[in-house]
K.L.:
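Take a look at the following structure, please.
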Amino acid sequence: MNIVMIGVQGAGKGTQSKMLSEKLGIPHISTGDIFRDNIKNQTPLGKEARKYIDRGALVPDAVVINMALSRINQPDAQKGYILDGFPRNGVQLAALEFAKPVDRAILLELDDATAIQRLNSRTICDTCGAIYGANRSPKISGVCDECGSALVERKDDKDATAIQKRLNLYHQEIDILVRYYEWKSVLRRILTNGNVDEIFALCLKAIEQ
Ligand code: AMP
């Protein structure tokens with residue numbers, strides 16, 4: 001099954017995508033994570049993407065689309081994918097529908113004020129990508145439960161201007177995705193005011209229905 005997770009930054013897309021990936025045995029593909037890996041390893045793609053990411057802007061479509069489509073063509077994604085952070089606009093949506101159409105789009109709904117609060121308290125593991133925040137604290141402060149590495153703040157979560165810019169962009173660009181997936185009858189909306197496990201149960205139900 002080909003699944004797309006939609007939601008404002010901080011809504012829990014990364015956390016729920018990882019849980020769904022384990023349960024369904026299909027890869028979680030986060031374009032943001034791929035960029036962060038490339039930035040960490042100082043690849044040419046990372047150097048190019050960094051110019052946009054640090055100021056909260058979107059990476060150009062040509063770069064993201066090539067990267068996302070080549071990832072979903074890998075052997076491990078032949079039974080399906082869970083995309084997180086892609087598509088983000090109409091051009092990316094069209095490219096994905098042409099290549100590998102979406103069967104289910106899950107919209108995790110969260111208001112902006114709560115999203116900002118969550119981003120301010122979010123830390124991630126630089127090694128395995130585990131995410132910690134209001135809904136999940138590490139057992140030892142600053143240390144990842146899963147692999148023992150140090151937890152860090154995302155650079156783009158620290159800058160209030162960049163956060164606001166990402167939220168504005170999200171509202172501008174999400175509309176076309178929601179309207180298209182609604183028209184295709186694959187959109188399911190989930191309110192994210194429960195805990196991680198309650199939201200996960202709702203995601204599983206949304207995938208079955
Ligand atoms: P995320 O982890 O999804 O919040 O992504 C972090 C940053 O990576 C975004 O703020 C963008 O700069 C960039 N990015 C990730 N996915 C995309 C995309 N589909 N289109 C353009 N830029 C993206």
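Values reported hereafter were calculated over all heavy atoms of this structure, with side chains retained and with hydrogens, waters and symmetry mates removed. Numbering of ligands and ligand atoms starts at 1, following listing order.
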K.L.:
Regarding Q164 and N168, do their side chains bring together a donor and an acceptor under 3.5 Å, going by distance alone?
P.N.:
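Their side chains do contain a donor-acceptor pair, which is all the 3.5 Å distance test asks for.
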
K.L.:
Please tell me whether N73 and S70 have a donor and an acceptor in their side chains that are separated by less than 3.5 angstrom.
P.N.:
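Side-chain D/A pair, N73 to S70: absent.
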
K.L.:
Distances for all N or O pairs of ligand 1 and the protein under 3.5 Å?
P.N.:
residue  : atom   : partner : partner atom : Å
ligand 1 : 2 (O)  : R36     : NH1          : 3.1
ligand 1 : 2 (O)  : R36     : NH2          : 3.0
ligand 1 : 2 (O)  : R154    : NH1          : 3.2
ligand 1 : 2 (O)  : R154    : NH2          : 3.3
ligand 1 : 3 (O)  : R88     : NH1          : 3.2
ligand 1 : 3 (O)  : R88     : NH2          : 3.1
ligand 1 : 4 (O)  : R88     : NH2          : 3.4
ligand 1 : 4 (O)  : R154    : NH2          : 3.0
ligand 1 : 12 (O) : A57     : O            : 2.6
ligand 1 : 16 (N) : T31     : OG1          : 2.7
ligand 1 : 16 (N) : G85     : O            : 3.3
ligand 1 : 16 (N) : R88     : NH1          : 3.0
ligand 1 : 19 (N) : G85     : O            : 2.8
ligand 1 : 19 (N) : Q92     : OE1          : 2.9
ligand 1 : 20 (N) : Q92     : NE2          : 3.0
ligand 1 : 22 (N) : V59     : N            : 3.0

K.L.:
Could you work out, with salt bridge (charged side-chain N to carboxylate O under 4.0 Å, His left out) as the rule, every residue matching R122, not counting sequence neighbours?
P.N.:
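Partners of R122 under the salt bridge (charged side-chain N to carboxylate O under 4.0 Å, His left out) test: D157.
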
K.L.:
side-chain contact (heavy atoms from CB on, under 4.5 Å) for I199 and I190? Distances and angles first, verdict last.
P.N.:
CA-CA 8 Å; I199 298 166; I190 294 180; 4.2 Å; yes

K.L.:
Please determine whether the number of non-hydrogen atoms from other residues, nucleotides or ligands lying under 6.0 Å from atom NZ of K184 exceeds 12.
P.N.:
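Yes, because the 6.0 Å sphere around NZ of K184 holds more than 12 heavy atoms from other groups.
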
K.L.:
Only one of N66, T31, D76 clears side-chain hydrogen bond (donor to acceptor under 3.5 Å, both in side chains) with R71; which?
P.N.:
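Passing option: D76.
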
